[in-house]
Amino acid sequence: MAESGNSYQKIYEIVKQIPKGCVASYGQVAALAGNPRWARVVGYALHVNPDPAHIPCYRVVNREGRLSDAFAFGGVNEQKLLLEAEGVEVTDGYVDMELYQWKKFRI
DNA sequence: GTTGTGACACATT
DNA sequence: AAATGTGCCACAA
C-alpha cells in the first residue's frame, strides 16, 4: 500500500551509512536496502542524487570495483583523489574490493 | 498505457 | 579467458 516512493529513500540511507575509507557495490547497497535486484535502481537513485553532500556516490562502485564512466561527476581523476583521501587505494579507476569493500553491513 | 533506456549483476556462449 | 545476452526495477517520452 503506497510504499512506492520509498525506493530511493532506502538506498540513500544505505549509501549514507557507508563508513569512511570503505566502498560498496551497487548490488551490495541494493541487497542492504532489501532488494538484491535493485542494482540498476541504485545507479539511477544516485544519478538523481538529491543530496550529494550526504550521499558519497564516489564510494559506490560496480561489481568489478571500478567506477562507472558515465558517473564521472567531475572526472575519474577527481573520483580517484576522493577515494585516496578516504584511505582507499585506487588503480586506474579500480579499487581492491577484498580490502575496501564495506562488509560490516551493520548499521 | 506502451516502449525504450539505464551510474548493474549474473548466466551462458 | 573474454564477450554477449538476459533479468531486474524504476523513470522518461
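Each chain gets a letter, A, B and so on, in the order the sequences are listed, and its residues count up from 1.
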- Note on the structure: Ile14(A) atom CD1 is separated from dA7(B) atom P, nearest whole Å, by 22 Å
- Query: With no hydrogens and no angle check, is any side-chain donor or acceptor of Asp96(A) less than 3.5 Å from a backbone partner on Glu98(A)?
  - Reply: yes
- Message: Whether the side chain of Glu86(A) engages the backbone of Lys20(A) through a donor-acceptor N/O pair (distance < 3.5 Å, no angle test) should be reported.
- Response: no
- Query: How close or far is atom C1' of dA10(C) from atom CG of Leu46(A), stated in whole angstroms?
  - Reply: 14 Å
- Query: Roughly how many Å is it from CG in Asn49(A) to P in dC11(C), rounded to a whole number?
  - Reply: 15 Å
Pairs under 3.5 angstrom, nitrogen or oxygen only, protein versus nucleotides 2-5 of chain B, please.
none

- Query: Tell me: CZ of Arg63(A) to P of dG7(C), nearest whole Å?
  - Reply: 21 Å
- Item | Nearest-Å distance for atom pair CD/P, residues Gln28(A) and dC8(B) | 16 Å
- Rounded distance (nearest 0.5 Å) linking atom OH of Tyr8(A) with atom CH2 of Trp38(A): 9.0 Å
- Task: Could you tell me whether the side chain of Arg40(A) has a donor or acceptor atom within less than 3.5 Å of a complementary atom in the base of dG7(C)?
- Result: yes
- Rounded to whole angstroms, how far apart are CD1 on Ile11(A) and C1' on dC11(C)? 13 Å
- Item | Value rounded to 0.5 Å, distance of CD in Glu89(A) from NZ in Lys80(A) | 9.5 Å
- Task: Please state how far atom OH in Tyr26(A) lies from atom P in dC8(C), giving the value in whole angstrom units.
- Result: 22 Å
- Task: Using only side-chain N and O atoms of Ser25(A), determine if any of them is under 4.0 Å from OP1 or OP2 of dC8(B).
- Result: no
- Message: Quick check for you: to the nearest 0.5 Å, what is the distance between Arg59(A) atom CZ and Ser25(A) atom OG?
- Response: 15.0 Å
- Would you give the length of the straight line joining atom CG of Leu82(A) to atom CG of Asn77(A), rounded to the nearest 0.5 angstrom? 10.0 Å
- Message: Rounded to whole Å, how long is the line connecting atom CZ of Arg66(A) with atom P of dA9(B)?
- Response: 13 Å
